[in-house]
Amino acid sequence: LSAAESSGPAFDLRGKTSEGLARNARIAYIPCDGRVLEFSLVASPDKFKSSMTEFHTLMQTFRVSDTNSKAAVATFSDRI
């Protein structure tokens with residue numbers, strides 16, 4: 001899959017929660033500026049396919065911050 005002008009592997013998983021609820025998941029790892037962006041979607045099987053469009057749209061909105069492909073990483077205060 002692609003995001004931030006790069007591409008990486010994605011994995012589809014199926015399983016059940018400890019409460020016995022069925023879940024499907026897609027997890028994608030995209031390398032970016034020496035780091036790895038992780039995207040994940042977890043949904044019930046009946047909602048999973050319809051959620052994929054939004055998931056891919058979200059991934060496509062990520063862009064590197066400048067023309068040198070240098071990602072800007074926001075640092076948040078640990079005092080909030």
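Remember, predicted model here, so these are calculated numbers, not experimental data.
- Proximity of Phe11 to Arg26: side-chain heavy atoms (C-beta onward) are nowhere separated by under 4.5 Å.
- Residues Phe55 and Leu37 fall within the same hydrophobic cluster, defined by Ile, Leu, Val, Met, Phe, Trp and Tyr side chains chained together at heavy-atom separations under 4.5 Å.
- Note that CG of Asp12 and CG of Leu41 are 9.5 Å apart. Values are rounded to the nearest 0.5 Å.
- The cluster map of Ile, Leu, Val, Met, Phe, Trp and Tyr, joined by side-chain heavy atoms under 4.5 Å apart, puts Met52 and Phe39 in the same cluster.
- Between His56 atom NE2 and Ser51 atom OG the span is 11.0 Å, to the nearest 0.5 Å.
- Pairing each heavy atom of Ala22 with each of Pro45, the nearest pair is O-CD, 3.4 Å.
- A heavy-atom distance below 4.5 Å is not found between the side chains of Phe48 and Val42.
- By the 4.5 Å heavy-atom criterion applied to side chains, Arg23 and Thr17 are counted as neighbours.
- Proximity of Ile30 to Met59: side-chain heavy atoms (C-beta onward) are separated by under 4.5 Å at one or more points.
- For the atom pair CG (Leu13) and CG (Asn24), the distance works out to 9.0 Å, reported to the nearest 0.5 Å.
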